[in-house]
Structure formats: C-alpha cells, structure tokens
Amino acid sequence: MVEAKLNYDQLKAVSCTGGPLLILAGPGSGKTLTITDKVARLIESFSPPEKIIALTFSEKAADEIQNRIEKKIGNATGITISTFHSFCNDLIRDFSMDIGINHGIRLISKEHSHVWSIKNIDSFNFEYIPIPIMPSDLIKNLLEGTSQFHDQLISPEELGEYVQGQLSSEGEMNVDEIDKLQKLADLAKFYHNYQKYKWNNNFIDYDDMITLACRLLERNEIVRKRIQQLYDHMLVDEFQDTNYAQLHLVHLLADGGGNLTCVADDDQCIYRFRGAYLSNIDQLGELYPSLEKIALGINYRSAEPIVKLSQELISQNPDRQEKQLVSNNGGIAPVKVVKAPNDVSEAEWVAGEICRLLDEKIVEQKDIYILTRKRADGKKFSDALKRHMVPVEYVGSLQINDLPLIQDALAYMHFVADPFNNGVAFANILFREGGTEHTLQKINIMAGKLQEMDNMQGDGIYSVLLHHLDELDLEQADLVKSILERLQELIEYKKKHLPSDTLKHLLMNITDLYRSQAHENSKNSHRNIEVLNSLVKIVEDLELIDGSAEFELVMEHLELVFDLEIEGSESTDDNTVKVMTIHQSKGKEAKVVFVCDMATRHLPLQYKSKKFTVPFKLIKGVQRDVDEKVLHLEEERRLAYVAMTRAKEQLYLVFPERYTGNVKGVKSSQFLEDIRFASNPLVELIEAEQVEEQFELDTDSPLKRKMAEQESLINMYSKQGQLTHAIESLVMLAQLKELEKSGNPDNLDFVHPELAELRVVDVSEGIVGAVVERVKGIVDRILKEDFEVREEPTCRFCDYKRICEFHET
DNA sequence: GTCGACCCTTTTTTT
DNA sequence: AAGGGTCGAC
C-alpha cells in the first residue's frame with residue numbers, strides 16, 4: 001500500500017516512530033506526502049487508526065490531509081484530523097463540568113466583542129490611556145493586545161501583578177518604559193473585564209478555546225491521563241506557526257513525546273503577528289532532548305533557478321534551522337525581474353504578459369498567481385486583467401460596507417429604526433425604487449414648510465409621508481404610497497420580532513433585495529446572496545449583546561462596528577488567474593507566479609510598532625532578545641521567500657519605481673538588492689514601458705487643489721451660517737468631482753447646458769482657475785434663476801443627491 | 001543628529 | 001480623519 005517512491009530522507013522520516021521527531025520540510029519537499037505515508041504505514045503496522053491524531057491550523061489543511069490519506073488507504077479511516085481550535089472546542093465541551101462552564105457556551109463574534117468594548121469603555125476606569133472620541137482603533141488595539149497575552153497563556157491577574165510589581169519597584173526606568181507599563185496596567189483592566197464578561201455570559205472566543213483546554217489538562221491530572229491515553233500517535237502540521245499556548249497544549253497531550261511528530265519549516269513562519277512563535281522549534285528541542293530532526297532537502301516543485309534564487313534570499317536570515325534545499329527539476333528559465341516606471345504601467349505590463357502567456361498557450365489561467373504583500377496592492381492587477389478580459393479572481397475577504405446592495409439594505413433599516421430622523425435614508429430608498437429627483441424635491445419642500453411652522457417631528461420627511469402626501473399631487477404618488485405602506489408594515493413588524501427576523505422580512509418580503517439576486521444566476525448574484533446572509537448573521541450576533549433584542553439598539557450597535565468584513569467564498573476549480581496576498585498563497589503552488597510591488601514600504605512592509613506588547617520578562621519559553629524591527633525584517637524576508645517558492649516553472653519579480661499619489665518615487669525592494677538582481681546570472685532583467693494613464697491627475701494638480709479648497713470653504717461657510725456661499729461651493733465641488741471622475745465635462749450638463757462647452761483640455765495645468773471661474777459664474781446664475789429656495793438652512797433643498805449626501809455628513 | 005516629508009498591514013480559528 | 005512613527009535628506 002505504501003508507495004515506494006519516497007526519497008531517502010522522506011523514508012527516514014516515515015520510518016522513524018520511536019521517539020519525538022521534527023521534520024524540517026522546505027517548500028515543495030513532499031511534506032504532505034511524507035505525513036500521509038507515515039500515517040498509512042502506522043495503520044499498516046496495525047496501529048489502531050482511532051488512536052492517531054493530526055492537528056493543523058486551518059480547516060483547509062485538515063481537509064487536505066484527510067483527502068490524501070483517504071486516497072491512500074480508503075475511506076472511514078477513523079483517524080482524528082482536526083484543527084487546534086476545533087479539537088480544543090470539543091475538549092472543552094466534553095469536560096465542561098470539570099472546567100466549571102455551562103455546556104451551552106457560545107462563540108462570541110468579533111463584532112460582538114468590539115461593540116461590547118466600545119459601549120463599556122468608560123467603565124474600565126483607565127488611568128493612563130486617554131479615550132478618544134472614536135474609540136474604534138483603541139478597541140482594536142486592546143483586543144489585539146489581550147489576544148497576545150492569551151497566546152502566551154498569561155492571565156489578566158498575572159499581567160496585573162507583573163505591572164504593579166514593576167511600577168512599585170525602585171529600579172531605574174526611563175519615561176518610555178514607565179509609560180508602557182502604565183498602559184499595560186490599563187490593558188490588564190480591560191483584559192480582566194473582557195474575560196469576566198465572557199465568563200459571566202457564557203461566551204468564549206477562539207483564544208479561550210486554547211487557553212481553557214490548556215488549563216483543563218494542566219490542572220486535572222485525571223482528564224489529562226485519559227486524553228493522553230486516547231492517542232498513540234500525534235502529528236502536528238505547520239509547527240512553525242504555533243504560538244506558545246499551542247506548543248504547551250501539544251506538550252500536555254504528548255505524554256513524554258515518544259509519540260510526537262511535528263512538521264515545520266522555520267523559513268515559512270509568517271504569522272508572528274498572531275503569536276506564531278519561531279523559537280517554539282528550539283523550545284521543542286529543550287522539552288524533548290531526544291528529539292530527532294530530519295530535514296527534507298529536495299524540492300520537487302520549482303525549477304532550479306527559482307530554488308537557487310530563493311535560497312540566496314532566505315540564507316540571509318540568521319539563526320535558521322540547518323538545512324539546504326536543492327531542486328530536483330532542472331529547468332534553466334531565469335527568474336524575470338521586471339522594472340516598471342510606475343504602478344499603472346506595472347499592472348498593465350503584468351496583464352499584457354499574462355495575455356501573451358495565454359495566447360501562446362503556454363499555460364492556462366488557473367496556472368497563474370499574482371501575489372502582493374497587502375491585499376490592496378492586488379487591486380490594480382485584478383482591474384487590469386478585467387480590462388483585458390482575462391478571467392480573474394481577487395481572493396480574500398470582502399469589505400461589505402460600501403457595496404450598494406448593503407447600503408440599500410441599511411437605508412431601509414435606518415429608516416425603520418427611526419423614521420422621523422432618516423430623511424436621507426428615505427431618499428436612498430426612493431431613488432432605489434425608481435423615484436425621481438423631482439419627487440424627492442417636492443417632499444423636501446413640504447418638509448421644509450412644516451419645519452418653518454414647527455409642526456413636525458424630526459426632519460419632517462416622515463410627517464409629510466404620513467399626513468400630507470395627497471396635498472403634494474405627485475406624479476409618482478402610487479410609488480411613494482407603496483414604499484410608505486411597506487415601510488410602515490416593517491415598523492410594525494419590528495415591534496414583535498427579533499431584529500434579525502425583521503431584517504429577513506425586509507430582505508425577503510418587503511423588498512426585492514433578496515429575490516432579485518436569487519432569480520439571477522450569475523457569479524455576482526451568488527456573492528451578493530452571501531453578503532446578505534452575512535449581514536443577517538452579523539445582526540444575529542449583535543442581538544446577543546446585553547441580551548437586548550431591540551431593533552433600534554441593534555442598529556446603534558451596527559453603527560459601532562467599524563468595518564464589516566466577510567470572507568470571500570473561495571471558488572475551487574475555476575479556471576481563473578488568482579490575485580491574492582502572500583499569506584493566502586501559503587501552501588499553494590502555480591506554474592507561473594508574479595510577485596508584485598517588490599518595492600520599499602510594500603514588500604518589506606514598513607515597520608510599525610504595536611500598541612501593546614508582551615514585556616520581555618513575561619514571555620514564556622525560549623526567546624531571542626532581538627529588536628522588534630529586526631524580527632520584522634526577517635519575517636518580511638520569509639514572506640518574500642514564501643512568495644517566490646510558490647512558482648513551479650516561471651517566476652516574475654515585479655516592481656514600480658513610482659506610485660500614483662506619491663510625490664516621491666520608490667526604490668526597489670531591499671530583497672531584490674539582497675539577491676543582487678542587477679547582476680545575478682539567475683535573473684533576466686526586463687524594463688516595462690510607460691503606459692499613458694487615462695486621466696492623469698496627481699494630488700497636487702490644480703483640480704485636486706481646487707477641490708480641497710472648496711471643501712474647506714464649505715466647512716467654513718456652513719459653520720458661519722453663510723449658506724448661499726456654502727451651497728455655491730457645494731455645487732462647484734460636485735462639478736469638480738464629476739469632472740475628475742469622467743474627465744469629460746459633457747456629463748455636466750445635468751446642471752446647465754453651458755457647462756457642456758467646457759473641454760477636457762481646459763482642465764490641464766493653469767487653466768483650471770479660468771474653468772472654475774466659469775463654473776462659478778454659471779452656478780451663480782443658476783442659483784439666482786431657479787433655485788432661490790436653496791437658501792434654506794439644509795441641503796434637503798438642493799436638487800442633487802450627491803450634494804445632499806455630502807452636506808449631510 | 002535633527003528636521004521635515006511622507007505615509008498609514010498581514011489574518012486563522014466553531015456549531 | 002489624523003497624529004504618530006519612520007526614514008531620508010541635510
């Protein structure tokens with residue numbers, strides 16, 4: 001059954017079953033093959049499969065190992081293959097009595113934690129951390145901070161004691177150190193309160209799963225012995241990515257370590273920011289002195305130049321585990337380093353090259369990856385490929401906040417939560433359902449009149465809808481009435497139902513938001529449905545806060561969630577070019593890989609110090625006493641290494657010399673210098689040509705300046721109550737924005753035909769002043785002619801939705 | 001050394 | 001939305 005195509009080292013690793021074993025597996029060295037073979041061999045030699053456990057980090061990794069093993073020895077293997085979290089989660093539930101928790105414990109969502117923290121920020125009695133008006137960032141840092149202490153199994157009490165001890169000791173400290181300690185004192189308070197809240201309300205987060213499992217095994221010898229006896233063999237995948245807590249867990253489970261096999265590649269440790277703990281590999285050696293290390297040194301994935309070049313890079317990191325990687329595949333195609341004059345040309349060049357590869361049938365779409373350090377950097381490539389009609393997938397999580405679909409749904413929800421004060425939301429709804437500016441304006445004017453007579457609640461819009469609709473003599477009266485009826489139904493509905501049910505009712509019955517997507521059968525509509533579902537999910541999560549389930553409160557909470565983010569569903573076998581971050585590419589491979597934006601501040605990403613860090617003295621286990629900045633650079637180098645080693649046949653390293661919006665140019669990545677790209681025989685240097693940007697308007701263009709100027713004018717005028725002037729600036733700003741967006745003044749005639757006469761040429765340097773004067777002149781006249789009514793104190797009385805929105809914010 | 005211009009992450013984990 | 005941190009220029 002076990003295939004005999006293993007190499008010497010792999011075979012050695014497979015047959016080594018006597019004691020603790022660490023397999024050092026470089027990229028493409030047949031890691032998964034080796035562990036699946038090892039499992040297969042164990043079963044063949046009559047080890048009961050149910051006494052074998054494999055722990056991974058991601059479900060994906062767990063699935064892959066599961067599949068590979070099933071392929072080898074058939075289904076229903078009986079082996080436990082599980083993620084750390086899932087394993088701990090089960091453990092906690094099985095032994096909830098021993099831990100003293102309720103069996104019905106639930107997972108707390110990120111949104112929930114976030115909102116709870118904001119709402120309770122004042123109750124933590126911070127002494128040193130000032131609380132900003134918008135505490136979102138602070139909360140993020142606090143939650144991140146507590147997570148770091150979780151990773152190190154440091155309880156709030158332990159942290160608090162340490163900090164107090166340090167602060168009251170007479171030792172000499174500089175101002176910075178004291179400041180850090182004081183902030184940590186506040187963090188300890190937050191940490192303590194957060195833990196207490198979760199505990200009292202039967203919630204746990206992902207960190208708690210690991211921590212609680214550790215505590216259980218640590219304190220309860222009977223349970224520990226029982227669990228240890230459950231497993232004869234234990235495999236840990238991607239061991240370099242474990243944090244201290246996970247190492248500790250492994251140690252508690254692996255009785256004596258005789259049954260333990262860890263697979264690691266220290267060069268691919270790229271999760272330090274979430275506690276991954278490179279020195280765990282050293283720590284393992286200390287825990288198990290008999291630990292055997294076997295390095296798998298043959299790369300079966302990449303062509304020789306790729307392996308050699310990536311080795312040249314990674315070998316510049318200090319303190320690596322001893323191992324070398326050689327390519328088994330030959331290949332002479334050099335690695336291509338591409339220099340582009342700017343980021344636009346960079347994306348264009350990559351798209352062009354991909355078209356060439358596809359046209360010449362060298363590879364298919366699915367064989368191509370585009371990798372960037374930051375997800376945002378990938379967008380230009382995704383866009384460029386779309387322009388070239390190449391099927392592309394922009395892998396990763398999705399900001400759902402500014403999707404039109406979500407904004408539409410939110411508009412209804414806002415209105416339902418507080419109909420008297422959500423005129424803007426109503427405007428959105430009206431437009432969405434086909435209402436015209438004219439209709440809105442009529443409603444607005446009436447609302448204004450009511451306001452004058454002081455005869456209404458809130459902004460007057462809802463009052464108009466309720467009592468004065470007939471007086472308006474609207475052409476779209478039926479539409480408005482229909483909208484009103486449905487909104488009223490929802491307002492009634494919400495009183496008797498859960499907010500999430502109200503939302504469902506809104507999506508499914510009251511509007512066509514859901515149905516219109518369900519009927520369509522495009523990729524886009526599938527995504528939209530996912531997005532709507534996740535909105536429902538988020539609302540369901542928020543309902544749990546404070547046990548309150550009022551619609552208004554949930555809406556308030558929703559406002560507090562800074563950015564709503566959902567995971568993009570990963571389409572599996574689609575034949576598309578994949579644009580993703582280096583992190584996302586880990587463990588994957590493709591024939592052709594473009595590693596892009598290899599430039600200063602982009603590939604070694606600019607170092608940024610964390611708000612809260614675990615003090616050196618509290619760090620458990622072995623740790624190098626090295627500057628954070630140095631560790632950062634080393635990790636970035638590993639990221640570059642991971643990125644490069646994804647490529648099987650052809651690797652491109654691409655960088656622009658300038659970014660749009662930046663005043664200065666950028667240097668190429670330090671890592672490109674590290675491999676002496678200009679003179680390295682493994683490299684072929686290519687210079688991409690400059691492509692003309694369609695509408696080149698840099699930040700300090702006269703147009704942009706003018707816009708900024710208008711914006712500040714608007715602020716000033718509206719504060720001073722000089723509304724005529726404010727409106728003037730508003731209108732002009734809208735024109736400028738339109739002009740910027742389209743580069744084409746023809747689109748401007750919705751204000752006045754005279755604007756159409758303006759030419760694009762006029763926008764160029766120096767002439768903008770004149771154009772603006774002209775726009776201003778036109779606007780002046782327009783204001784006098786038709787829109788006297790705009791002098792009213794709110795922008796409900798100006799005709800343009802765009803301007804309204806701007807003014808309202 | 002100091003000043004000033006510039007720019008501003010990455011992300012898994014459960015039922 | 002903006003201040004703080006970092007790095008380059010002098």
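What you see is a predicted model, and the numbers here were worked out from it, not measured in a lab.
Although no hydrogens or angles enter the test, the distance criterion places a donor-acceptor pair under 3.5 Å between the side chain of A/D186 and the main chain of A/I129.
One finds a salt bridge joining A/D501 and A/K504 here, because a Lys/Arg side-chain nitrogen approaches an Asp/Glu carboxylate oxygen to under 4.0 Å. A salt bridge between A/K198 and A/D208 is present, with a side-chain N of the basic residue lying under 4.0 Å from a carboxylate O of the acidic one. The pair A/K374-A/D597 does not count as a salt bridge, with every side-chain nitrogen at least 4.0 angstrom from each carboxylate oxygen. Note on A/R637 versus A/E634: no salt bridge recorded, every NZ/NE/NH1/NH2 to OD/OE distance being 4.0 Å or above.
Of the residues listed (A/F126, A/Y191, A/Y194), the one engaging A/L142 in a side chain to side chain contact (heavy atoms under 4.5 Å, CB included) is A/F126, and it is the only one.
Applying the Watson-Crick and G-U wobble criteria (two distances, each under 3.5 Å), C/dA2 pairs with nothing in any strand. Judged by Watson-Crick or G-U wobble contacts below 3.5 Å, the nucleotide B/dT9 has no partner. Under the Watson-Crick or G-U wobble criterion, with both distances below 3.5 Å, B/dC3 is paired with C/dG8.
Rounded to an integer number of Å, the gap from CE of A/M209 to P of B/dT12 is 16 Å. Rounding to whole angstrom units, NE2 of residue A/H85 and C1' of B/dT14 are separated by 10 Å. The separation between A/K110 atom NZ and B/dT13 atom C1' is 10 Å, rounded to whole Å. A/F87 has its CZ atom 13 Å from the P atom of B/dT15, to the nearest Å. Atom P of nucleotide B/dT14 and atom CG of A/N202 are separated by 20 Å, given to the nearest angstrom. Note: CE (A/M580) to P (B/dT12) measures 13 Å, nearest angstrom. One interatomic measurement links the two molecules: NZ of A/K198 to P of B/dT14, which rounds to 16 Å at whole-angstrom precision. For A/I108 and B/dT13, the CD1 to C1' distance is 15 Å, given to the nearest whole Å.
Other residues, nucleotides and ligands place no more than 12 heavy atoms under 6.0 Å from the CZ atom of A/R106.
Distances shorter than 4.0 Å separate none of the side-chain N or O atoms of A/N89 from OP1 or OP2 on B/dT13. One finds no side-chain N or O of A/S86 lying less than 4.0 angstrom from the OP1 or OP2 phosphate oxygen of B/dT13.
Here A/N243 lies out of heavy-atom contact (under 4.0 Å) with every strand. Across all strands, A/Y607 comes closer than 4.0 Å only to sugar-phosphate atoms, never to a base (heavy-atom distances).
B/dT9 sits 14 Å from C/dC7 when the P atoms are compared, rounded to a whole Å. Annotation: C/dG3 and B/dT12 have their P atoms spaced 32 Å apart (nearest Å).
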- Item | Nucleotide-resolved protein contact map, nucleotides 4-10 of chain B, B/S/- at heavy-atom distance under 4.0 Å | --SSSBB
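A/Y206 contributes a side-chain N or O that forms a donor-acceptor pair with the base of B/dT14 under 3.5 Å.
Picking from B/dT14, C/dC7, B/dT15 the nucleotide with the shortest atom distance to the side chain of A/K629 gives C/dC7.
A donor atom on one side chain and an acceptor atom on the other are not found under 3.5 Å apart for A/Q66 and A/E64.
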